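Please read all numbers here as calculations on a predicted model, not as lab measurements.
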Amino acid sequence: MVVFAQTDSICYRVGLEGYTSSGEFLPFWLQTNRYGTVSARPHSANLSAKIEKGLSSPQRWYDYGFGLEAIGQADADGVRAFVQEAYAKVRLSVFDFTVGIKPDTWGNQDPDLSSGGFLFSKNARPMPRITVGIEDFAVVPFTWGYLEIKGGLTHAWFTDNVYVTNALLHHKFLGGRIGGRLPVNISYEFHHVAQWGGISPVYGDLGHSFGDFWAIFRAKSGGIMSNDQINALGNHIGSQQMALEVKFDRWKIHAYWQTLFEDGPIRFMWRSMNWPDGVWGIAFEQSWTPFVSKVIYEYINTTDQSGPFHDLDGLVFGGADSYFYNTIYRNGWNHYYRTIGTPFITSPVYNAGGETYTLNNRAQVHYVGLMGDVFSYKYKLMASYARNYGTYSVPSRSENTAIMLNVEKHFSKLWGLDFGLSIGADFGTQFGNSFGCAICVAKRGLIWKY
């Protein structure tokens, strides 16, 4: 009876957004972590329309959802339209099956205020994909709720065709969490991604067979090029992640650590060759007062990269990792010129010369954020300071201080509209000094409830 009492709803949202800035680019936090929907140009506008049905209840043994969103965008480069979401999702017990273009964030970073995970953030447009697995932590039977696991497998398609065309993405992950109903939970996750296949303008067909996929899955050598036959077929990146949660009735602390590796051998997090690099975050959340409901601090370092030398006197040391760059896949770990991982590894959208690859992947960053509700005005405040060093092969120096305040409010007596105002600024030599703002007007509502 409980299962059949659940209701499903199909909702809509229509929105109009305008962005303007005094600088060469829109300020960093006005365009970052928006799933690639906001132009980097100083002046732009978006018109979006979306329908969606979310999953109804985690207690249902069977559930489903879908979404469709289209965006029209205008900036100095012209007018364009694209599909941002087009997906269907089915859940059977704890197992998920997703097909289509669906924005998701993988990793243990804070879902509301994080600057972005090391391997995955909200910075790039989502890819068409097929994902099968347990996406959320689920209780292992006969463990009394104290042990949970998750894991999944994704096959996706790069659709930007920036350098290597028709490239493919392989992603698998596995995680465990202990603690259950106890006030302290500890979790660990392992993520492995690989760019593979596609057509290179230099090397031609990079392989699409099942044998190539099997080599990618196991991170083994293969292909037709000597580099892939010596090392591993494709461009492989991995991340190990640990988190600690301390939770009570009115407050919670969430601390997390993420590392990255692009070379073997794979060692446990604090024994890896590039152990000084990572994302360290801590978030405090409370429900005593809505004025400041959550505060977060993150430190991001990507400067070590296992040292400056990869090959010295004929001996392979595994250094000079050059995060998110690959010799064959020169478009790197980016989608539509935006970094898929931490946005502090600078996206190619900023490259003045039109290069498709990453020009700055060595940075030290301090980031803070807070959010709350003041008399029904919901706000987010974000600030970061980044000191950049370019790459080991082409060093450079720059810095940027970025801030943003976003305020949103629903006005039920004004046709039920949602209004949003964002003010942002950049200071420093990386992007130049600039001030900008964004205004959003949206209408959302119910199409059908059944």
Side-chain angles (χ1 to χ4, degrees), residues 15-48 69 71-82 84-85 103 105 112-117 120-126 160 162 300 324 333-352 354 356 358-360 363 365 367 369 379-386 388 398-408 420-442:
L16 178 63
E17 304 169 3
Y19 301 86
T20 187
S21 170
S22 63
E24 181 181 359
F25 301 104
L26 194 67
F28 183 77
W29 284 119
L30 289 181
Q31 57 166 305
T32 298
N33 284 343
R34 305 297 181 93
Y35 287 112
T37 59
V38 180
S39 172
R41 294 295 193 180
H43 312 290
S44 66
N46 281 9
L47 176 63
S48 62
E69 182 180 21
I71 296 178
Q73 186 175 84
D75 60 15
D77 296 325
V79 179
R80 67 195 67 86
F82 54 91
Q84 181 69 7
E85 294 185 26
T105 303
D112 301 313
L113 278 177
S114 174
S115 67
F120 287 101
S121 68
K122 302 177 182 179
N123 195 45
R125 280 173 57 181
D160 52 351
V162 169
I300 302 101
F324 301 168
W333 189 234
N334 305 289
H335 196 222
Y336 286 95
Y337 293 93
R338 287 194 177 273
T339 307
I340 300 172
T342 172
F344 295 110
I345 293 181
T346 308
S347 297
V349 71
Y350 294 105
N351 292 351
T356 63
T358 299
L359 298 180
N360 174 62
V365 184
Y367 165 82
Y379 73 90
K380 285 186 180 181
L381 178 63
M382 308 164 70
S384 60
Y385 171 73
N388 307 289
S398 65
E399 60 183 29
N400 185 58
T401 299
I403 59 174
M404 185 198 71
L405 173 64
N406 170 255
V407 180
E408 298 178 350
L421 173 65
S422 298
I423 300 174
D426 286 345
F427 306 96
T429 56
Q430 184 179 15
F431 307 124
N433 298 335
S434 66
F435 298 88
C437 69
I439 299 176
C440 173
V441 181

Measuring from [X]:[atom1] to [Y]:[atom2], what's the distance to the nearest 0.5 Å?
X	Y	atom1	atom2	result
Ile71	Asn46	CD1	CG	6.0 Å
Asn400	Asn388	CG	CG	7.5 Å
Tyr367	Ile300	OH	CD1	9.0 Å
Ser115	Met382	OG	CE	7.5 Å
Leu405	Ile403	CG	CD1	9.0 Å
Glu17	Leu30	CD	CG	11.0 Å

Considering all heavy atoms, the nearest [X]-[Y] contact:
X	Y	value
Val79	Ala74	CG2-CB, 4.0 Å
Glu24	Pro42	O-CD, 3.3 Å
Gly428	Asn433	N-OD1, 3.0 Å
Ala124	His335	CB-O, 4.0 Å
Tyr19	Leu26	CD2-CD2, 3.8 Å
Ala402	Trp29	CB-CD1, 3.5 Å

### Query
Can you pull the salt bridge (charged side-chain N to carboxylate O under 4.0 Å, His left out) pairs that have at least one residue in residues 28-41, sequence neighbours excluded?
Arg41-Asp77

Which atom pairs, donor and acceptor, lie under 3.5 Å between side-chain atoms of residues 341-348 and protein residues at least two apart or in another chain?
from: Thr342; atom 1: OG1; to: Phe344; atom 2: N; distance (Å): 3.4
from: Thr346; atom 1: OG1; to: Asn360; atom 2: ND2; distance (Å): 2.9
from: Thr346; atom 1: OG1; to: Gln430; atom 2: NE2; distance (Å): 3.1
from: Ser347; atom 1: OG; to: Asn123; atom 2: ND2; distance (Å): 3.3
from: Ser347; atom 1: OG; to: Thr339; atom 2: N; distance (Å): 2.9
from: Ser347; atom 1: OG; to: Thr339; atom 2: OG1; distance (Å): 3.1

Residues in side chain to side chain donor-acceptor pair (under 3.5 Å) contact with [X], at least two apart in sequence or another chain:
X	result
Tyr385	Arg387, Glu399
Tyr379	none
Thr429	none

Using the test salt bridge (Lys or Arg N to Asp or Glu O under 4.0 Å), find all partners of [X] that sit at least two apart in sequence or belong to another chain.
X	result
Asp75	Arg80
Glu85	Lys50
Arg125	none

### Task
Go through Phe435 and Phe427 one step at a time and tell me if the ring pair (Phe, Tyr, Trp, His ring centres under 6.0 Å) criterion holds.
CA-CA 9 Å; Phe435 298 88; Phe427 306 96; 5.5 Å; yes

### Task
Specify whether Phe28 and Phe431 have parallel, tilted or perpendicular ring planes, treating 30° as the upper limit for parallel and 60° as the lower limit for perpendicular.
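Answer is parallel, since the angle falls under 30°.
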
Set of residues satisfying side chain to side chain contact (heavy atoms under 4.5 Å, CB included) with respect to [X], sequence neighbours excluded:
X	value
Thr20	His43, Cys437
Asp112	Asp110, Lys294, Met371
Asn406	Met404, Glu408, Ser422
Ser434	Ser21, Ser22, Pro27, Asp426

### Query
Is it true that a side-chain atom of Thr105 and a backbone atom of Ser121 form a donor plus acceptor pair closer than 3.5 Å?
no

### Message
Looking at Thr37, is its backbone amide N or carbonyl O close enough to the side chain of Gln73 to form a donor-acceptor pair, meaning the two atoms are under 3.5 Å apart?
### Response
yes

### Message
Set out, in order, the CA-CA distance, both residues' side-chain angles and the distance that settles side chain to side chain contact (heavy atoms under 4.5 Å, CB included) for Tyr337 and Asp160, then state yes or no.
### Response
CA-CA 8 Å; Tyr337 293 93; Asp160 52 351; over 6 Å; no

### Task
Verify the neighbour count for atom CD1 of Ile439: are there more than 12 heavy atoms of other residues, nucleotides or ligands below 6.0 Å?
no

